2 protein chains.
Amino acid sequence: MAQRAHSSPTLHDVAREAGVSLATASRSLNGSTRKVNEEYRARVLAAAERLGYVANLSAQTIAKGTSSTLALLVSDIADPYFAAIAAGVLSGAEQAGLITTMGITQRSAERELDLVKTLRGQRPRVLILTGSRYVDAALDEALTRELQAFESTGGRVVMVSQRSLPFDTVQTDDYGGARDLAESLVDQGYRSFAALTGVSSLMTARDRLAGFRDGLAAHGLSLPDERVVETEFTRQGGYDGAGQLLSRGLGDAELLFAVNDVMAVGAMSRLREESVDVPGSLAVAGFDDISTARDVTPALTTVRLPLERVGAAAIELALAGQRGDEPTLVTLGGEVVLRTSTPARG
Amino acid sequence: MAQRAHSSPTLHDVAREAGVSLATASRSLNGSTRKVNEEYRARVLAAAERLGYVANLSAQTIAKGTSSTLALLVSDIADPYFAAIAAGVLSGAEQAGLITTMGITQRSAERELDLVKTLRGQRPRVLILTGSRYVDAALDEALTRELQAFESTGGRVVMVSQRSLPFDTVQTDDYGGARDLAESLVDQGYRSFAALTGVSSLMTARDRLAGFRDGLAAHGLSLPDERVVETEFTRQGGYDGAGQLLSRGLGDAELLFAVNDVMAVGAMSRLREESVDVPGSLAVAGFDDISTARDVTPALTTVRLPLERVGAAAIELALAGQRGDEPTLVTLGGEVVLRTSTPARG
DNA sequence: CTGTTAGCGCATTCAT
DNA sequence: ATGAATGCGCTAACAG
């Protein structure tokens, strides 16, 4: 009667309360192949209800030797990019009956490695790593070893948006999206371009720039090197980059492509300050379709990535059969969204 | 030698490899009061390293009877509001050495209750519930019972931004922020106002409107009822609400207050379409300081909430000593951010 | 179909 | 200081 504080009722308590054996209680409550007399079953359920019994997941994990956990590593959950992916992963995990535990790497390779070690302690069924790869070869190698060890004990690892390590990967088609964007802009009548790109060590920035270039090339156009500014991958970077471009002189550039929306927004801010009319004097396009994109003036042309689906795809990949010898690569395409920052050009 | 697939090395393996007893291995690896011969200790560590041993967290949890887990429930992780709070919780949890598992309620009270039940299975030390309360009394009661049961077994629960249930709560000072905003705007020279508010069942919307009203009242001003439009808490709601307001006629209104930024942004969009100059003909202010706020034209005046600190405060509260008889209420204030959507008025 | 028993991996008494 | 033995809560043979 006296429910001791600091201790939940156990299966044992339920069994006693219901007047059945431990095994019967277990089978009624959690057993898969149910072969329990309906009466007993009801008694057990009632007892559990009465006692407020909740099965101890750790004990179950230990006993059956397999957990129902998924671990998700993210660079920064406050970043809408990762938040969207996480949303996809979380809802997919829940549908699969998995509980997900989450870790934030803060874009640090050391922390990422530490978190992998820590989270492995949970014996998760799946480990999903999201975010750009870093450049530290030693850490990459240590991480790879850790992940391989994890796989060798039956775990599955899926990388998201980073295809450099030998594991199953889901990525967005940054190259293709940028190429499509370039072609759409050529269709709109643009012929002369400038670009703001992130530091070239960022694969994302590289792919997007390359795609944009190739899209232009498909129409016999090109992006002159002197009209490409390499700067930070941030709003401030876009702001600064636009400044640099202006001081170099825009030449005949009709459109400025920034490799992501926050840079584009920063650039627009700078252009406004410098009284460069957008899109009249210079059109602007970005990449990502952040929510701000449609609310700036003029609304920003960009490429939308199916971020939630990326998360969902990661789970599907993880749960779909055994890993092959070669890592699987899933690529999800984006979609060009034309807005008023790049009106059709007479 | 042959490492069986699908099975991690256990402490037993490590002990054997190091030629010591299970107990010694345990003490060397995880024991708190370390009284292990330095030589043995080194042997154990080396063996663990060699085998790639990672302690099984579930087993530890079972053995010591206390977990190192925190469970976090969030309405929608893709929503920047919750993402920011989650970021605060996650980093706080990690500092406290807690692993956090996350669940998404999708703004459904049923799902919230289900998730609480599921997550209780983990025996988390702390359970943090984020998001607006719902109106279903029956579910609220069931949830309360579940949470009280959880507390009675030693768990801690903290509610974030919903003070209606009898548990420790961290909330933002919506009322105070709106009041401060109103006073700042009066200082800027505004005297006549209109407002867009969410459905009145939303506590947040109510508090903000009430604060705004009281801030005006402090200066002998008021918000006439016919200038208050109740609409959806979304961008579309703001867009529609602004339309309604215009068709009613703005009268002498100089400034439009929307109870959140997305509504304000929607309203600005509508105003632009209707050729109402912002801020020339009508100034606009919002609430939340979403990242879009400073990138719209004109940049939006608003109130910034310390969302990450809210998350951090939730953890502090949960980890700070025992619960008192009365639930603790922590309130974090916001900060008025004046931008060009509300210039000083001659 | 039900109950008994033996682990799961680990921490922690209790002896030594 | 170390090792052997016990138990955490539960599932899964195993017998009945």
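In this text the structure is predicted, and so the values were computed from the model without any measurement.
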In whole Å, I'd like the distance from the [atom1] atom of [X] to the [atom2] atom of [N].
X	N	atom1	atom2	answer
B/Leu57	C/dC8	CG	C1'	15 Å
A/His12	C/dG3	NE2	P	13 Å
A/Glu39	C/dC1	CD	P	14 Å
B/Arg120	D/dG9	CZ	C1'	15 Å
B/Lys64	C/dT13	NZ	P	12 Å
A/Gln122	C/dC10	CD	P	14 Å
A/Leu29	D/dC10	CG	P	9 Å
A/Leu22	C/dG3	CG	P	10 Å

Would you say the side-chain atoms of B/Ser26 pair up with the backbone N or O of B/Leu22, donor to acceptor, closer than 3.5 Å?
-> no

[X] side-chain N/O to [N] phosphate OP1/OP2 under 4.0 Å:
X	N	result
B/Gln60	C/dA11	yes
A/Asn30	D/dT11	yes
A/Asn37	C/dT2	yes
A/Ser21	C/dG3	yes
A/Ser26	D/dT11	yes

Where the side chain of [X] is concerned, which of [options] is the nearest nucleotide?
X	options	result
B/Thr10	D/dA12, D/dA4, C/dC10	C/dC10
A/Arg27	D/dG3, D/dA13, D/dC10	D/dA13
A/Asn56	C/dC10, D/dA4, D/dG9	D/dG9
B/Ala59	D/dT11, C/dC10, D/dG9	C/dC10

Could you tell me whether A/Asp13 and A/Arg16 make a salt bridge, using a distance below 4.0 angstrom between a side-chain N and a carboxylate O?
-> yes

Are any of the side-chain heavy atoms of A/Ile315 and A/Val89 separated by less than 4.5 Å?
->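 Yes - at least one pair of side-chain heavy atoms lies under 4.5 Å apart.
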
Taking the side chain as every heavy atom from C-beta outward, state whether A/Ser8 and A/Asn56 have any pair of such atoms under 4.5 Å apart.
->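 No, their side chains stay 4.5 Å or more apart.
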
Check: D/dG9 base within 3.5 Å donor-acceptor of B/Arg123 side chain = no

Mark yes when over 12 heavy atoms from residues, nucleotides or ligands other than A/Glu141 sit less than 6.0 Å from its CD; otherwise mark no.
->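 No.
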
Hey, which sits more toward the 5' end of DNA chain C by its nearest nucleotide, B/Thr24 or B/Ile62?
-> B/Ile62

